[in-house]
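Please read the structure below before turning to the comments.
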There are 2 protein chains.
Amino acid sequence: MSDQAAAALWPDRPADAQGERTETARRLLLAAVDSFARRGYHATTTRDIATAAGMSPAALYIHYPSKAALLSEISRAGHQATLDLVLAAAGAPGGPVERMRRLVEDFTSWHARGHTVGRIVNHELHALPEEEFEVVAELRRQIEEAVLALIRQGVASGAFDVQDIRTAARAVTSLGIDVSRWYTERSSETPEELGRRYGVLVLRMLGSTA
Amino acid sequence: MSDQAAAALWPDRPADAQGERTETARRLLLAAVDSFARRGYHATTTRDIATAAGMSPAALYIHYPSKAALLSEISRAGHQATLDLVLAAAGAPGGPVERMRRLVEDFTSWHARGHTVGRIVNHELHALPEEEFEVVAELRRQIEEAVLALIRQGVASGAFDVQDIRTAARAVTSLGIDVSRWYTERSSETPEELGRRYGVLVLRMLGSTA
DNA sequence: GACCTGACTAAGCGCTTGCTTAGCATGTTG
DNA sequence: CAACATGCTAAGCAAGCGCTTAGTCAGGTC
């Protein structure tokens, strides 16, 4: 379960360099992910997190300056991983249709596999300290802009046919984001299978002629 | 602002019979909607709610037995209003295409106009007392089932063309629900206009030939 | 006038919260 | 060996929490 959270936060980093932190700090962070996702940030106590990581409450403060710092680190890494994935798909070789298909597949399966991190990333924004919120808001703007640009390219090349690009982009990201709200490990579809199906639906929605 | 919340909770009830409560109780409930939506249930204090309603903290307990009772009432009324709207659209006269278009338009515009109530309904489920959660979960099942049945009808009649009905239904409800996460009064589109655009996108997604 | 009722407030109780302090082992360095 | 750094715990502090208590006051009833 925390393996999935770790994969969502540090997609291609080896286990011994994740977030450049010690093993204990990582355990605390993954315990925080679990509890923030299950109960919400405000309903989670520092005692919950420390206990889940097998330590006393005070140990948390050796590795992180505050409860909010844990949220910030999760939110920042989660958003960065999402942006990386979006930029990789949008900038891949090939036409707009293939790139959009990959974008939706990767975006959706990321939100399914890492639904715990995804819930925090998308539903606990309001709990972030304002300074951190601004950083994260900028990452979100870049994600939206990448999707917008890809749709615009597709429309220009005749591959897509939509009347309102902005609404279409909203719908595409919205579909993927909301997966983190309802997906559970008990869902019948694998993240990859869900990604493929959503890819088909989105291409149709965009009026893809392919 | 609370007008919108009131409309989302008691869609066609006259102002003097909303929830069959006194004016003061209604003011407290709408203050709770505002704060729960803005800060989240756990971050909201009973003092916040009472102060926003222009009263002392103790006054809340004359009208409601607990903070959780406020959440329960909001969640229950919000889910019931959504189910009513879905059933009305799905059971209207006409073919599957027209009914689905109306369902998406109404479902989407409800989540836009009443995005405060919508946020609570969809993102504070975990804070509900277990007994109340079960009631609400049943309402959610009925909403999902109505959408599922309508898509099934459309596929049977040849109006729709989807490979996986369950995933399609998920996508339809998911698109509408997520509107409550990102929509604000400052959005450029009116709830109705957004509903119309989402209606077009969804019909395409379902492979509608009309 | 005496009494009751219903909506409200001032004050505060018991508890939990995020976080701090003081101290204790262990391993490393001179 | 002494001296120190590191990673942890036991205990607890100030603040804030949901909720209760005791009492005020206006309006109605006899």
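Throughout, protein chains are lettered first and strands after them, A, B, ... in sequence-line order, and every chain is numbered starting at 1. Below, all heavy atoms of this structure are taken into account, side chains as well, without hydrogens, waters or symmetry copies.
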Checklist entry - Is A:T24 near enough to D:dC8 that one of its side-chain N or O atoms lies under 4.0 angstrom from OP1 or OP2? => result yes
Item to check | Sugar-phosphate, base or nothing in reach of B:T45, heavy atoms under 4.0 Å | outcome: sugar-phosphate
Item to check | Between D:dC19 (C1') and B:D48 (CG): distance, integer Å | outcome: 15 Å
Next on the checklist: I want to check one thing: is the phosphate of C:dC19, taken as OP1 and OP2, less than 4.0 Å away from some side-chain N or O of A:T46?
Outcome noted: no
Checklist outcome for this item: Here the distance between atom C1' of C:dG18 and atom NE2 of A:H42, to the nearest Å, is 13 Å
Checklist entry - For A:Y64 and C:dT20, what is the distance between atoms OH and P respectively, to the nearest whole Å? => result 17 Å
Checklist entry - Rounded to whole angstroms, how far apart are CG on A:L28 and P on D:dG7? => result 13 Å
Item to check | Residues which pass side-chain contact (heavy atoms from CB on, under 4.5 Å) with A:S72, listed by chain and number, not counting sequence neighbours | outcome: A:L128, A:P129, A:E132
Item to check | Protein-nucleotide distance (B:R47, atom CZ; D:dA15, atom P), rounded to Å | outcome: 15 Å
Checklist entry - Would you say C:dC8 has OP1 or OP2 under 4.0 Å from some side-chain N or O of B:H63? => result yes
Checklist entry - How would you list, by chain and number, every residue that makes a salt bridge (charged side-chain N to carboxylate O under 4.0 Å, His left out) with A:E23, sequence neighbours excluded? => result A:R26, A:R27
Checklist entry - Among all residues two or more places apart in sequence or in another chain, which pass the salt bridge (charged side-chain N to carboxylate O under 4.0 Å, His left out) test with A:E189? => result A:R197
Item to check | B:L60 CG to D:dC17 P, straight-line distance once rounded to whole Å | outcome: 14 Å
Checklist entry - Taking the side chain from B:H79 and the backbone from B:S75, do they hold a donor-acceptor pair closer than 3.5 Å? => result yes
Next on the checklist: For the residue pair A:K67 and A:Y41, would you count it as a cation-pi contact if the rule is NZ or CZ under 6.0 angstrom from the ring centre and within 45 degrees of the ring axis?
Outcome noted: yes
Could you list the protein-to-nucleotides 20-24 of chain D atom pairs, N/O on both sides, closer than 3.5 Å?
none

Next on the checklist: Rounding to an integer number of Å, can you tell me how far A:I62 CD1 sits from C:dA25 C1'?
Outcome noted: 13 Å
Checklist entry - Applying salt bridge (Lys or Arg N to Asp or Glu O under 4.0 Å), which residue pairs with at least one partner in residues 103-124 of chain B are found, sequence neighbours left out? => result B:R102-B:D106, B:R113-B:E192
Item to check | side-chain hydrogen bond (donor to acceptor under 3.5 Å, both in side chains) involving A:R196 - partner list, sequence neighbours excluded | outcome: A:E193
